[in-house]
Amino acid sequence: MAPRVRFAPSPTGYLHLGSARSALFNWLYARHTDGTLVLRIEDTDRERSSQEMIDLILRTFDWLGIEFDEGPYHQSERGQLYLDAAEKLFAAGQAYYCDLTPAEIAERTGGQGYDGYSRDRGLGPGPGRVLRFRVPDEGATVVRDVIRGDVEFEHADLEDFVIVRSDGSPVFLLANAVDDADMAISHVVRGEDLLNTTPKVLLLWEALGYGEPPVYAHLPLIVNDQGKKLSKRRDDVAVEDYRARGYLPEAMVNYLALLGWGPRDDVEVRPVAEIIEQFELTDISKGSARFDPKKLEHVNGEKIRALPLDELLALARPYVEAADWFDAASFDEERWQAVGPLVQERARTLADVPSVIDFLFLADPQVDEASWEKIMVKGPDAAGVLDDAIAAYADAEWTTDVLHETLRSLGEGRDLKLGKAQAPVRVAVTGRTVGPPLFEALELLGRDETLRRLEAARQRL
RNA sequence: GCCCCCAUCGUCCAGCGGCCUAGGACUCCGGCCUUUCACGCCGGCAACACGGGUUCGAAUCCCGUUGGGGGUGCCA
């Protein structure tokens, strides 16, 4: 039978890198096995959940290209199911009510957790009372995990946990068991931080008579450079932010797939279809994986280079339009269309694009003073080169090849290699020592503007 | 404290008892290409945490130590 997996976010914030990775692995597994991916919104905590967050999360998945086959189901709309299950457990004596507040419990046990105080007090439902599951005194529950093997939890180490809050709302552990059974989930793939909660769900599962439980796969955590679980406070974890910073969805997906997993043939950067083809839950590693922004950037650069030119331009366009120098009225569309090849080999993110080409659209180049100092002041014979270039370019054929050859030979006359000779021209025209290939850029800029900039620079010298 | 997980280059991933003088990728450092930068190519630095077993043979299996992480809510 084809696997059924699920991604079950609680919509208390934007999509987190860790959640995105969990969703991704579920999706990869579903696609690889021709299974079904269910989306389930775990909004039993009404206080912290919101529709805006759900919408934002959905939009982000849409961007990533991760689609769900079923759902979304909302736990907030399935309350009765959970309450029925709770009632069943209570009726069978497998759950009991307790009227202690957290503060009272802390006082009783000195912060050691719940001691089973109300186990045999025979309390019924009522205001201020929670329903707790009666964990067996003896024995153990084994979590069958395809990544970690069997993990055993002694019942003696588990306390009687809350399954229905005093306000009558079900806790996720209960909702989890009920939903996974109801939705016929075959594999639960999620973060390792949930491993400890699994025996509780399994206990409920068994008490509810659901039969064979799902197979689990607890993914290694993604950690920051201090080795700690990625957190909202400390780390850049919002997938949306990466999108805004010019990362491609293909890069995010590819890179995230590499955290905790690797293809058997060692080819790391590749189309997602190939990742799907190679993906196996059993190949996932156990140790936590450090999120490395440098490597993400590298993958992003490769994805940018793999893009067709027109697609790259379309994706980069919003970043250009957001640049402070952008002016819709005077923007040279033709020049923009021609700029693709100059940008593709250089940009590592879409956000890099404007700064690579700004000089082509600015009225005057933004002069970097350090560059000016280095080339125009300290460099060899800048004035001479500029004079020669102004003279030679005044009537040269305006093509990349001719501009190139012209400058090469004029440099030779001054005993300068092309590398040196091009520098003053580059700084005069682009304002910087580094940038796209010069002669291609000059061709795009045009004779008049090039000469104007060369003369302006010569003046300043 | 208690419970659970983990442990190969700085980082990610390979390795699943002999093919390992440990392989690939990112980073870094050289070199080549070259009009700068970038791209690309070539090369280099760099790891089996430690101690005991098991075995003819261990990075690979077992035990312990140490180290790291996660959980310990009427959050999920």
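Below, read A as the first sequence line, B as the second, and so on, with proteins coming before strands; counting in each chain starts at 1. Remember, predicted model here, so these are calculated numbers, not experimental data.
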Legend entry - Nearest-Å distance for atom pair CZ/P, residues A:Arg348 and B:U27: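 My rounded result for the distance is 6 Å.
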Inset, instruction - Report the distance from atom CD of A:Glu192 to atom C1' of B:C6, rounded to the nearest whole Å. - result: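 To the nearest whole Å, that distance equals 7 Å.
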Legend entry - Heavy-atom pair of closest approach, residues A:His32 and A:Gln278: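 Closest approach of A:His32 to A:Gln278: ND1-N, 4.4 Å.
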Taking the same atom, [atom1], in [N] and in [M], what whole-Å distance lies between them?
N	M	atom1	answer
B:C26	B:G73	P	44 Å
B:C56	B:G67	C1'	34 Å
B:U55	B:U72	C1'	41 Å

Legend entry - Modelled atom types, side-chain donor and acceptor of A:Asp358 and A:Gln366, under 3.5 Å: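 Distance-only check fails for A:Asp358 and A:Gln366.
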Legend entry - Spatial distance of atom CZ (A:Arg290) from atom CG (A:Leu230) [nearest 0.5 Å]: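 Nearest 0.5 Å value for the CZ-CG distance: 11.0 Å.
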Inset, instruction - Give one of base, sugar-phosphate or nothing for A:Leu296, where a contact means two heavy atoms less than 4.0 Å apart. - result: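 Answer is nothing: A:Leu296 stays at 4.0 Å or more from every strand.
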Inset, instruction - Using a 4.0 Å heavy-atom cut-off across all strands, classify A:Thr44 as base, sugar-phosphate, or nothing. - result: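 A:Thr44: backbone/sugar contact only, no base atoms under 4.0 Å.
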Inset, instruction - Look at the aromatic rings of A:Trp261 and A:Phe279 and report parallel, tilted or perpendicular, splitting at 30° and 60°. - result: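 Answer is tilted, since the angle falls between 30° and 60°.
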Inset, instruction - Identify, residue by residue, the members of residues 249-259 of chain A with a heavy atom below 4.0 Å from RNA chain B, and return them in order of residue number, or none. - result: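 Residues of residues 249-259 of chain A under 4.0 Å from RNA chain B: A:Leu258.
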Legend entry - Nearest-neighbour nucleotide for the A:Asn196 side chain, B:A76, B:G71, B:C5 considered: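 Of the candidates, B:G71 comes closest.
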Legend entry - Any-strand Watson-Crick or G-U partner of B:G73, both distances under 3.5 Å: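 No nucleotide pairs with B:G73.
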